Amino acid sequence: MKPITTLLDERISAAIAAVTGETSPAMIIPAKNPQFGDYQANGVMAAAKKAKTNPRELAQKIVDALEIDDICQQPEIAGPGFINLRLKDNFIAERLLTVNADADRLGIDTTESPKTVVIDYSAPNIAKQMHVGHLRSTIIGDCISRMVEFQGHNVIRQNHIGDWGTQFGMLIALLKEQYPHIIENPAAVEIADLEGFYQAAKAKSDSDETFAKTARDEVVKLHNHDADTMAVWKHIVDESRKHYQPIYEQLSVTLKTDHERGESFYADKLADVVNELKDKGIATESDGAMCVFPAGFQNKEGNPLPFIVQKSDGAFLYATTDMAALRFRIHDLNADKVIYVTDARQAMHFSMLFESAKMAGWISNVDLMHVTFGTMLGDDGKPFKTRTGGTIKLSDLLAEAVERATSVVEEKNPDLTDEQKAEIAKAVGIGAVKYADYSNNRNSDYIFSFDKMLAMEGNTAPYMQYAYARIKSIERKAAGKDVDISGELAGIDSLTFTEEAEKDLAKMLIRYDQAIFGAAEECRPNYLTSYLYDLAQAFSRFYNACPVLKADETQRPVRLLLCDLTARTIKHGLTKLLGINVVEQM
Ligand code: ARG
């Protein structure tokens, strides 16, 4: 089924074309104020400008030419030439029935033009524990993957882990020098130790030039695939994976080990990439280094900015690996679109990467997108750190979220069994951390606050989870009152609304497709959380205004349907698209 805005757009654009003889977009948006209807067409002003005519008069002609009475009531013209549209009751009712009849997809079609979309997200740096900085890329990227996949595209997840960097040189040098037993038996290394090793190695490397030199030599050995060095390296990578994979599972993140294609995968392709760039005359030597000078990038002095792909000592860089990865994704994975999810500090790197790839002639039919996000801040408004200024480990943070959620559950419903409490606390705690992140505009920095994200009021996970559980409790009560919900729902073949609140909720329910579409196109999970929050609030207003189980026999089936479909929509949004669990009671 086409989204309503698409239907309206088609009709109004056709009328604009018929009247002006020119194509001009109708620009349909949901009305800001319900007083003026449900949707509004904003395109008339631009069309009038093009046709050099008075916009209000043009709006009138368009309305006269418009064939839309199967969808809307008589359109109204407002202000300088807006067209206000109000859906007809029977259109709403029919649409609601179609959505309702589709158990899996709630009436939402898959795309007619499926694309191969590579999504690069999470990408922790190996040999260190994952910290809060990786949380955002991991969960935002995962939501995007889920949404784009739901639209029917072929999503290829890529976890571009940092497994080939200079950190390994320091680490291996330190292990060789101070922990020879680990070199003999790499299985003895554990991630918990690794973090400490890494800190120690970094400190030593900063203060001890001989050690720093040994560390650099180890990087060279690694990059030359020296057997002993490789054995230690491989163990470190395997050990790290054992640490981050359970975190993905805990977060309901869909990344699996076979989505991993780390920097090391591209190691043997780097020289070739640089050669290709040289051959094409795109990479040139500058101060001994091989550089691409992507068009439009300048430093403060106005000189062209280099995108360095090989240093004067022959070493390759982060940029080279990204060039190789992009070429691989386009040529080998057949990407039509590549989405990168990293923090905003890498914006320059990716713009230069995209421009360089364009110069190399790789991306004529490929869409590249860098999805950026801001910083997670502590109460003090500074980047989120432990009290002592250390980085916060993701596993500790999630454990604390679940622990705090346990108290919330305890307070709300002390009579549940311990097992139920534990299940709810897990869903609420992890859900709260994810939802708080999703519900912010991803480009903004935000203050990480357990109190705020665990609040039962406001646009939070527990509020949404409670909205779902509340509907489920209505359904449980129905059984006790001899109301046969599935029987009544099965008997519905047409609907009439008697209360405005019923209709308002119905109108929200038939807009879910639009919310997903907007969120997926712009890679903005907050569009989806806003929709879900609006839906939950529309449900609240409906439930306050309209008795359900006590309603008389003619009204009850419609109301039961509205309850059931609201629960299904919330559940779909939370579990399928945001990866947040729901619980049947709270
Ligand atoms: N490992 C990198 C970091 O932590 C992120 C990698 C993002 N992906 C990429 N293709 N560069 O900063």
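If you're wondering where the values come from, they're calculated on a predicted model, not measured in any experiment. Whatever order the structure lists ligands and atoms in, that order sets their numbers, starting from 1.
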Numbering as shown, the atoms of ligand 1 that approach Y318 to under 4.0 Å (heavy-atom distance) | 2 (C), 5 (C), 6 (C), 7 (C), 9 (C), 11 (N)

Got a salt bridge between K221 and E218, using NZ or NE/NH1/NH2 to carboxylate O under 4.0 Å?
-> yes

Just let me know how H349 lines up against ligand 1, side chain, backbone, both or neither, with a heavy-atom cut-off below 4.0 Å.
-> neither

So how far is it from N459 CG to M464 CE, rounded to the nearest 0.5 Å?
-> 7.5 Å

Are Q346 and ligand 1 in contact, using a heavy-atom cut-off of under 4.0 Å?
-> yes

In plain terms, say whether E276 and K269 are close enough for a salt bridge, that is, a side-chain N and a carboxylate O under 4.0 Å apart.
-> no

Should R136 and D437 count as an ion pair when the cut-off is N to O under 4.0 Å?
-> yes

Ligand 1 N/O within reach of T342 N/O, cut-off under 3.5 Å = no

Taking NZ, NE, NH1 and NH2 as the nitrogens, is one of them in D206 or K202 under 4.0 Å from a carboxylate oxygen of the other?
-> yes

Looking only at N/O atoms, are E263 and ligand 1 under 3.5 Å apart anywhere?
-> no

Which protein heavy atom lies closest to atom 4 (O) of ligand 1, and at what distance to 0.1 Å?
-> N125 ND2, 3.3 Å

pair N441-Y446: side-chain heavy atoms closer than 4.5 Å | no

Of all protein heavy atoms, the one nearest atom 8 (N) of ligand 1 is D120 OD1, 3.1 Å

Record the part of F350 in heavy-atom contact with ligand 1 below 4.0 Å; permitted values are side chain, backbone, both and neither.
-> side chain

Short N/O distance, under 3.5 Å, between A123 and ligand 1?
-> yes

N-O pairing of K115 and D367 below 4.0 Å | no

State whether R327 and D272 are salt-bridged, where the test is any N-O pair (Lys NZ or Arg NE/NH1/NH2 against Asp/Glu carboxylate O) under 4.0 Å.
-> yes

For ligand 1, indicate whether the residue I161 contacts it via side chain, backbone, both or neither (heavy-atom separation under 4.0 Å).
-> neither

Answer yes or no: does an N/O atom from Y340 fall short of 3.5 Å to an N/O atom of ligand 1?
-> no

